[in-house]
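Here the structure is laid out as structure tokens; the discussion comes afterwards.
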Amino acid sequence: MDKLKGLNTSLAVTAAVCASTALLTYIICNLRSRDEEQSQRSATAAKRASERTVKDKSQVQEGKPKGTLLNDLSLQEIYLWEVEHLGAHFKSEFTGMNKMKNQSAYSEYTSEPSSPVAVSTGDGSDYNKLISNHEVIIADIKQKPAAGGGVNRTRAYVRAGPRKHLHFNPSGVTAAIVTCGGLCPGLNNVIRELTNTLIHLYGAKKVLGIRGGYAGFYTDAWQPIELTPEIVNNIHHEGGTFLGSSRGGFDIDKTVAFLKKHKINQLYVIGGDGTHRGAFRIHEECMKLKMNVGVCGIPKTIDNDVDHIDRSFGFSSAVQAAQSAIRTAKTEASCNLPNGIGIVKLMGRSAGFVAVHAAMSSGDVDLCLVPEIPIVLEGEKGCLPFLQRRVKEQGFAVVVVAEGAGEELLGESTETDASGNKKLPAIGEFLKSKINEFFKKNDPQGATVKYVDPSYIIRSCPANAADSLYCMQLAQNAVHGLMAGYTGFSVGLCNNRMVLLPIPYLVETSPRHMDAHGRTWERVLSITRQPNTAKPMKPGEVVSYAPMLR
């Protein structure tokens, strides 16, 4: 019996050893096989990389870029948005080479402004990059094969930046700066950088600040201010506009008379699409009267609804400032029982960009309502039942609503303000009332609704870092454009490049709107999980590819 047990034990040990050996052999073979496969893959990858390197070097030697040629993609037609140039109507006042001065007095500007001046090559410093007249920025950077073998077309913008040759003799330039319309973060930054660029970079003769918007051109009580780097040195730390602003007040005859009286030959107008239309009328009148005056617009809209440009200055600051209001609404909603709801009304007459970007960056918003998306109060997709469910889930809810939302409920106003903007119904108060009514009817505890309207606080705050940098770029390139002789244009950021845009084309499609079927609204829905009440696309409807709408 003992022998049998010993035999069984011996067999078990032998079997275990065999099994272990087999397993070890399998593992070793498998590892070798994987090593061989990995080695083969590495060799194949190295071969392909070598072939690609040889191919890339060959393409570069032939003047072609690296990569694979896409035979089904090409841009057959590019249409330039040309900007009018004063050189087509007037002789240039300056024959020297454009250099960066970076000083406040220039001994080389000794002759009369009306006569050409040659700049000494030993003064000033060369620009690292001078823009030629044929450099453009393509508008539609996203391309795909043309449908049905058609033709791919796109527009292009004149690239902004310092030019080699100037139209104006800087020492003879008297410039004027005016801010129009409502307040916006960054106005003082633009005023400061325009002044510094004109005086420090070019050595302009004089810079005047027009007080109180367009009305400042003829209102005796608002005399213009001579701007110097010392006067504007610290204004960028403050909100609002150092020059003051107003709505309306445009008078073409009085404005042109002011330009003549003060011998102004460069005008910088900071404002929205209505202000830009006025600026273009000034440009047209100057051309009609054969006045050698350059007119430039700098787009200002806190709503970000000027078309074609990536964004308007002040927008980033507005979204950042709105975070405080949203956090306030959340605190009020979560701490006031029962059924706390906080409502925040933000800017956005025609477009909900501030509201949606504030909601997305906050992460605390449960419902976002904008002008582009119809508001449905009750029913399967109603926002009121949705709010009730959200309150039951987490105890509170936060709502962000753009000031222009809800016209389908409140009706479109026929009244306008001095700028021609329609007066908006009180959507915030209306929403608060409807929420209270709904909860009283459907919940015995009712609701505690708090309403926050931070609009004027946001409009009057200083620019943040991103907007401060953007304002500097806008101002410098506006001066570069006018000094080179371009006129009737606005300056902006398109595809992350500074460009010059003819004002009529810029304002033609403004105000722009958020795409109700685009990715921005889709992202809002993914964060808030609210019902989507966007209207279905119509057959043949074209989706815009403008910036911020993608």
Side-chain angles (χ1 to χ4, degrees), residues 81-93 113-114 158 166-169 172-181 190 194 198 204-220 222-224 243-300 306 418-420 478-492 500-508 510:
W81 279 14
E82 292 189 78
V83 177
E84 190 166 358
H85 198 281
L86 290 168
H89 309 278
F90 307 96
K91 184 179 179 181
S92 174
E93 300 173 354
S114 59
V158 174
L166 302 180
H167 175 76
F168 289 102
N169 170 13
V173 167
T174 297
I177 303 170
V178 63
T179 55
C180 304
V190 177
L194 284 172
L198 282 161
K205 178 181 178 182
K206 184 187 293 185
V207 181
L208 293 179
I210 310 303
R211 300 178 61 198
Y214 278 134
F217 285 108
Y218 56 84
T219 303
D220 292 336
W222 300 340
Q223 290 298 307
L243 299 176
S245 185
S246 67
R247 296 187 182 276
F250 182 80
D251 188 305
I252 186 64
D253 295 329
K254 293 178 180 179
T255 300
V256 171
F258 181 96
L259 299 180
K260 288 181 177 179
K261 176 182 177 181
H262 293 273
K263 298 181 180 179
I264 291 169
N265 45 15
Q266 289 188 8
L267 176 61
Y268 298 86
V269 182
I270 310 167
D273 56 347
T275 299
H276 271 66
R277 289 185 174 93
F280 194 73
R281 283 192 62 194
I282 297 172
H283 153 73
E284 289 183 308
E285 189 69 12
C286 288
M287 292 296 98
K288 177 183 174 183
L289 299 175
K290 297 182 180 180
M291 295 170 60
N292 187 18
V293 176
V295 181
C296 167
I298 298 175
K300 177 230 66 174
V306 170
S419 295
V479 176
H480 290 321
L482 281 191
M483 284 291 183
Y486 290 104
T487 185
F489 70 90
S490 189
V491 62
L500 309 182
L501 301 140
I503 290 177
Y505 293 0
L506 178 68
V507 301
E508 185 178 25
S510 294

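When reading the values below, keep in mind they use all heavy atoms of this one structure, side chains included, and skip hydrogens, waters and symmetry mates.
Judged purely by atom type and a 3.5 angstrom limit, Tyr505 has no side-chain atom pairing as donor or acceptor with the backbone of Glu82. Under a 3.5 Å cut-off, the side chain of Thr174 and the backbone N or O of Asn265 do not form any donor-acceptor pair. Looking at Asp251, its side chain never comes within 3.5 Å of a backbone N or O of Phe217 through a donor-acceptor pair.
Across Cys286 and Leu259, no two heavy atoms sit closer than the pair SG-CD1, 4.1 Å. Scanning both residues, Leu501 and Gly492, for their nearest heavy atoms gives CD1-N, 4.4 Å. For the residue pair Gly212 and Trp222, the shortest heavy atom distance occurs at O-CZ3, 3.6 Å. The minimum heavy-atom distance between Phe489 and Ala478, with the atom names listed, is CZ-O, 3.9 Å. The two residues Gly181 and Ser245 make their nearest non-hydrogen contact at O-OG, 2.6 Å. Across all non-hydrogen atoms, the minimal contact from Ile503 to Ala279 is CD1-CB, 4.3 Å.
To the nearest 0.5 angstrom, Ile282 atom CD1 is 5.0 Å from Ile252 atom CD1. How far CG of Asn169 is from NZ of Lys205: 10.5 Å, rounded to the nearest 0.5 Å. The CG atom of Leu267 sits 9.0 Å away from atom OG1 of Thr487, with the distance rounded to the nearest 0.5 Å. The line from OG of Ser510 to CZ of Arg277 is 7.0 Å long, rounded to the nearest 0.5 Å. With values rounded to the nearest 0.5 angstrom, Ile210 atom CD1 is found 5.0 Å from Ile264 atom CD1. A distance of 11.5 Å separates CG in Leu500 from CG in Leu506, rounded to the nearest 0.5 Å.
Looking at heavy atoms from C-beta onward, Thr275 lies out of side-chain contact with Lys300 at the 4.5 angstrom threshold. Taking the side chain as every heavy atom from C-beta outward, Thr255 and Glu285 never approach each other to under 4.5 Å. Phe258 is not listed as a side-chain neighbour of Lys254, based on a closest heavy-atom distance of 4.5 Å or more. Within the 4.5 Å cutoff, the side chain of His89 has heavy atoms near those of the Glu84 side chain. At a threshold of 4.5 Å between non-hydrogen side-chain atoms, the residues Cys180 and Phe250 do not count as touching. Between Val190 and Tyr268 the shortest side-chain heavy-atom distance does not fall below 4.5 Å.
For the ring pair (Phe, Tyr, Trp, His ring centres under 6.0 Å) with Tyr486, the lone residue among His85, His283, His167, His480 that qualifies is His85.
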Report task. Determine, step by step, whether Ile298 and Leu194 satisfy the side chain to side chain contact (heavy atoms under 4.5 Å, CB included) criterion, reporting the C-alpha distance in whole Å, the side-chain angles of both residues, the deciding distance to 0.1 Å, and the verdict. Result -> CA-CA 11 Å; Ile298 298 175; Leu194 284 172; 4.0 Å; yes

Query - Intermediate values then yes/no, side chain to side chain contact (heavy atoms under 4.5 Å, CB included), Asn292 and Phe168 - result: CA-CA 9 Å; Asn292 187 18; Phe168 289 102; 4.2 Å; yes

Query raised in the report: Between Met287 and Leu86, does a side chain to side chain contact (heavy atoms under 4.5 Å, CB included) hold up when you go through it step by step?
Result: CA-CA 9 Å; Met287 292 296 98; Leu86 290 168; 3.4 Å; yes

Query raised in the report: Can you check side chain to side chain contact (heavy atoms under 4.5 Å, CB included) on Tyr214 and Ser246, steps first, answer last?
Result: CA-CA 7 Å; Tyr214 278 134; Ser246 67; over 6 Å; no

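The environment of CZ in Phe90 is crowded: more than 12 heavy-atom neighbours from other residues, nucleotides or ligands sit within 6.0 Å.
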